[in-house]
Chemist: 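Please find one structure pasted underneath; my questions will follow.
What you see is a predicted model; the values in this text were computed from it and never measured. Below, read A as the first sequence line, B as the second, and so on, with proteins coming before strands; counting in each chain starts at 1.
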Number of protein chains: 2
Amino acid sequence: MKRNTWQREAVRTELGRAEGFVSAQGLHSALHTSGSPIGLATVYRALADLALEGDADSLQSPDGESLYRACSTTDHHHHLICRNCGLTVEIEVDAIENWATEEASKHGFTEAAHVIDIFGLCAACTALASDRPTP
Amino acid sequence: MKRNTWQREAVRTELGRAEGFVSAQGLHSALHTSGSPIGLATVYRALADLALEGDADSLQSPDGESLYRACSTTDHHHHLICRNCGLTVEIEVDAIENWATEEASKHGFTEAAHVIDIFGLCAACTALASDRPTP
DNA sequence: ACGCCTATTGATAATGATTGTCAAAACCAT
DNA sequence: ATGGTTTTGACAATCATTATCAATAGGCGT
Ligand SMILES: [Zn+2]
Ligand SMILES: [Zn+2]
Ligand SMILES: [Zn+2]
Ligand SMILES: [Zn+2]
């Protein structure tokens, strides 16, 4: 059976505290900073479990890191993510879901899943960026 | 300036020979098998260059590997990929592009890029899978 | 509350992909 | 052909993630 440990709870809590998507490493060092002695491997396991149970969303960052987030809904949805500060907006659009499904079956594909994410600069980060242009 | 070496050409050729997306490691061992003494680091560099120049598309596999493909068009497009055999179908839909752009600006995001990929089982692999069900 | 069984933890090693290093080799304009 | 520069490749280094496995600690039955 599945046991309740303070470690799992700590990961769940810290994940809830995060604004956007975080990496296992990031979550672990955040926990460490706030005094928790939790082990790195445990954080990896807890996050994988949360994702399996549907309590956390996961995606691959553009450079191949696995990122996790506790989203407000457990329904299927997608994300608009600030590549600078991590601010994340949840997106749920039936039209897109239907498009993906139809596109797959149109070409004879089955068991189709899709990866749809938008990365950009949020309004705040855009403002900051315009103050300090690239030299 | 950029020089022409047989190594770059070999990578370009082998990438063209591949049906779908391939990893740097996979391309390297394919080249090795066909007798080429090209180095692994060189394959990584060549693929990165091709992607930079727009001559190759790249994406992250669901488990975080970087995959590359020489697509038939250099225009912006997306992919429908068989997760078993790698067969890839190129998808180009303006409606999706517009949706992504609008969704980003609607929330104040700028410099938005998007990741849109569909993974499934192609018709052939679906047929094979039904012959040998999971025991 | 106690003890036992087993799931879980965590320090550490192992893995696997990717990148950095740097001397030797290969390009290419002259 | 020669020389200056770029590219290569064997190898080490990095980095995220996973595997090990002895030690720990839930939680059920008592
Ligand atoms: Zn931001
Ligand atoms: Zn979806
Ligand atoms: Zn297939
Ligand atoms: Zn697009």
Chemist: Give a yes or no on whether a donor-acceptor pair under 3.5 Å exists between the nucleobase atoms of dT5(D), that is its base, and the side chain of Arg3(B).
Modeler: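 For Arg3(B), whose side chain was compared with the base of dT5(D), there is a donor-acceptor pair (under 3.5 Å).
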Chemist: Rounded to whole angstroms, how far apart are NE2 on His28(A) and P on dT12(C)?
Modeler: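 Checked: the NE2 to P distance equals 13 Å.
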Chemist: Among His77(B), His76(B), His78(B), which residue satisfies the side chain to side chain contact (heavy atoms under 4.5 Å, CB included) criterion with Glu92(B)?
Modeler: His77(B)
Chemist: CD of Glu9(A) versus C1' of dT8(C): gap in Å, rounded?
Modeler: 15 Å
Chemist: Report yes if the side chains of His114(B) and Glu97(B) come closer than 4.5 Å at any heavy-atom pair, otherwise no.
Modeler: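 In contact.
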Chemist: Rounded to whole angstroms, how far apart are CE on Met1(A) and P on dC28(D)?
Modeler: 7 Å
Chemist: What is the separation between atom CD on Gln7(A) and atom P on dA11(C), rounded to the nearest whole Å?
Modeler: 11 Å
Chemist: Identify, between Leu40(A) and Thr5(A), the residue whose nearest nucleotide on DNA chain D lies closer to the 5' end.
Modeler: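 Nearest nucleotide further toward 5': that of Leu40(A).
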Chemist: So, is Thr42(A) close to the dG10(C) phosphate, meaning a side-chain N or O under 4.0 Å from OP1 or OP2?
Modeler: yes
Chemist: Check the distance between dG9(D)'s C1' and Leu47(B)'s CG and give it to me in whole angstrom.
Modeler: 16 Å
Chemist: Base, sugar-phosphate or nothing for Ser66(B)? Non-hydrogen atoms, less than 4.0 Å.
Modeler: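 Since only primed, P, OP1 and OP2 atoms lie under 4.0 Å of Ser66(B), the category is sugar-phosphate.
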Chemist: Is Arg45(B) side chain donor-acceptor paired with the dG20(C) base, going by distance under 3.5 Å alone?
Modeler: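 No, no donor-acceptor pair under 3.5 Å.
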Chemist: Reckon Ser23(A) has a side-chain N or O less than 4.0 Å from the OP1 or OP2 of dA16(D)?
Modeler: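 It does not, given that no N or O in the side chain of Ser23(A) lies less than 4.0 Å from OP1 or OP2 of dA16(D).
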Chemist: DNA chain C: Gly64(B) or Trp6(B), which has the more 5' nearest nucleotide?
Modeler: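 Comparing both residues, the 5'-ward one is Gly64(B).
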Chemist: What is the distance, to the nearest angstrom, from the OH atom on Tyr68(B) to the C1' atom on dA17(C)?
Modeler: 11 Å
Chemist: Between the side chains of Ser72(A) and Glu90(A), is a donor N or O closer than 3.5 angstrom to an acceptor N or O?
Modeler: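 On atom types as modelled, these side chains qualify, holding a pair under 3.5 Å.
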Chemist: Report yes if at least one side-chain N or O of Gln25(B) is closer than 4.0 Å to OP1 or OP2 of dG16(C); otherwise report no.
Modeler: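 Indeed not, no polar side-chain atom of Gln25(B) lies that close.
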Chemist: Would you mind reading off the distance between Arg12(A) atom CZ and dT8(C) atom P, rounded to a whole angstrom?
Modeler: 13 Å
Chemist: Find the distance Asp63(B):CG to dT15(C):P and express it as a whole number of Å.
Modeler: 19 Å
Chemist: As a test of reading the structure: which of dA17(C), dT8(D), dG20(C) is closest to the side chain of Glu65(B), going by heavy atoms?
Modeler: dA17(C)
Chemist: If we only count heavy atoms from C-beta on, is the Phe21(B) to Asp117(B) side-chain gap below 4.5 Å?
Modeler: no
Chemist: Using the side-chain heavy atoms of Ala24(B), tell me which of these nucleotides is nearest: dT7(D), dT18(C), dG9(D).
Modeler: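 Output: dT18(C).
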Chemist: Is any side-chain heavy atom of Trp99(B) less than 4.5 Å from a side-chain heavy atom of Ile118(A)?
Modeler: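 Side chain of Trp99(B) against side chain of Ile118(A), heavy atoms only: contact under 4.5 Å found.
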Chemist: Does the side chain of Tyr44(B) get closer than 4.0 angstrom to OP1 or OP2 of dT18(C) through an N or O atom?
Modeler: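 So the side-chain polar atoms of Tyr44(B) do come within 4.0 Å of the phosphate oxygens OP1 or OP2 of dT18(C), strictly under.
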